[in-house]
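Worksheet for the structure shown next.
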Amino acid sequence: MVNTASQCGLTPQFEGLESLYQKYHEKGFSILGFPCNQFANQDKGTNQEIAAFCQKNYGVSFPMFEKIEVNGDNTHPLFKHLKTEATGILGSQRIKWNFTKFLVDADGRVLKRFAPTVKPAQIEKSIQALVGA
């Protein structure tokens, strides 16, 4: 699960995320993208515009959900759970930026949190361990 943005310096991570999705999808792995406009207004478009951008520019075929909030009073319950189960550096629950990634197993257990700057290729070994590849 990842909070995304379509106008961010990290937006090219969509390419790496899609690559992981294609490589491991048949083994039961999925990526769930959650657009978020809470960081420097870097995802201003509608849900449809965001999905179209991701598909056109990065070939995204993994599920992209409606825009949500990941911090503050209106934090989506899913991200409340993710942040509680896998805290950031020094125990912080706050999402620091776009493309914070969470690895969750098939039973819903949050296994690991990856910082926004961690590239998708850098989490491949964790995914392999999860899917038995």
Side-chain angles (χ1 to χ4, degrees):
M1 295 184 199
V2 56
N3 66 305
T4 66
S6 57
Q7 298 175 8
C8 172
L10 299 176
T11 297
Q13 285 193 23
F14 275 120
E15 186 176 342
L17 292 168
E18 178 63 21
S19 177
L20 292 172
Y21 178 72
Q22 290 298 322
K23 193 169 183 179
Y24 297 105
H25 182 65
E26 289 187 14
K27 295 184 180 287
F29 176 74
S30 190
I31 292 177
L32 307 178
F34 295 89
C36 180
N37 194 41
Q38 288 187 287
F39 305 100
N41 293 319
Q42 294 182 337
D43 226 352
K44 295 179 245 187
T46 66
N47 293 320
Q48 294 78 17
E49 290 168 337
I50 293 165
F53 171 88
C54 292
Q55 201 288 316
K56 177 183 174 192
N57 293 289
Y58 297 100
V60 168
S61 62
F62 57 83
M64 291 291 292
F65 293 84
E66 292 185 2
K67 198 182 309 185
I68 65 168
E69 292 188 18
V70 298
N71 288 323
D73 293 340
N74 296 317
T75 299
H76 190 281
L78 173 60
F79 273 79
K80 282 183 183 177
H81 173 71
L82 292 171
K83 295 186 314 180
T84 299
E85 295 297 311
T87 58
I89 200 160
L90 301 175
S92 172
Q93 288 189 12
R94 186 166 183 76
I95 301 287
K96 301 285 191 265
W97 199 253
N98 304 308
F99 291 91
T100 298
K101 296 163 273 307
F102 293 88
L103 188 61
V104 179
D105 72 10
D107 294 321
R109 288 184 297 255
V110 184
L111 304 176
K112 197 161 186 180
R113 176 178 179 155
F114 299 93
T117 55
V118 173
K119 294 179 179 162
Q122 294 174 280
I123 67 173
E124 187 167 9
K125 287 186 182 193
S126 295
I127 293 168
Q128 289 172 337
L130 182 64
V131 300

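Residues: numbered from 1 along the sequence shown. What's counted below: heavy atoms across the whole structure, side chains too, no hydrogens, waters or symmetry copies.
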Rounded to the nearest 0.5 Å, what separation is found between the [atom1] atom of [X] and the [atom2] atom of [Y]?
| X | Y | atom1 | atom2 | value |
| --- | --- | --- | --- | --- |
| Phe102 | Asn3 | CZ | CG | 7.5 Å |
| Leu17 | Thr4 | CG | OG1 | 9.0 Å |
| Trp97 | Thr117 | CH2 | OG1 | 12.5 Å |
| Leu32 | Met64 | CG | CE | 10.5 Å |
| Asn71 | Gln93 | CG | CD | 10.0 Å |
| Thr100 | Leu10 | OG1 | CG | 9.0 Å |

How about [X] and [Y]: do any of their side-chain heavy atoms sit closer than 4.5 Å?
| X | Y | answer |
| --- | --- | --- |
| Ser30 | Pro63 | yes |
| Asp43 | Phe53 | no |
| Glu85 | Val104 | no |
| Tyr21 | Ile127 | no |

Show the nearest heavy-atom pair for residues [X] and [Y], with the distance to one decimal.
| X | Y | value |
| --- | --- | --- |
| Lys96 | Ser92 | NZ-OG, 2.8 Å |
| Ala5 | Gln42 | CB-O, 3.6 Å |
| Tyr24 | Val131 | CD2-CG2, 4.0 Å |
| Asn98 | Pro116 | O-CB, 3.0 Å |
| Val60 | Glu18 | CA-OE1, 3.4 Å |
| Lys67 | Asn37 | CD-CB, 3.9 Å |

Looking only at atom types and distance, does a side-chain atom of [X] sit under 3.5 Å from a main-chain N or O of [Y], one as donor and one as acceptor?
| X | Y | answer |
| --- | --- | --- |
| Ser19 | Glu15 | no |
| Lys44 | Gln7 | no |
| Lys101 | Ile123 | no |
| Asp105 | Asp107 | yes |
| Lys27 | Leu130 | no |

Original post:
Can you tell me if Gln13 and Tyr58 form a side-chain donor-acceptor pair at under 3.5 Å?
Top reply: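 Note: Gln13 and Tyr58 side chains miss the donor-acceptor criterion.
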
Any chance [atom1] of [X] has more than 12 other-residue heavy atoms, nucleotides or ligands included, within less than 6.0 Å?
| X | atom1 | value |
| --- | --- | --- |
| Glu66 | CD | no |
| Lys112 | NZ | no |
| Gln22 | CD | yes |

Original post:
According to the interplanar angle, ranging from 0 to 90°, do the rings of Phe14 and Phe62 count as parallel (below 30°), tilted (30 to 60°) or perpendicular (above 60°)?
Top reply: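 Geometry flag for Phe62 against Phe14: parallel rings.
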
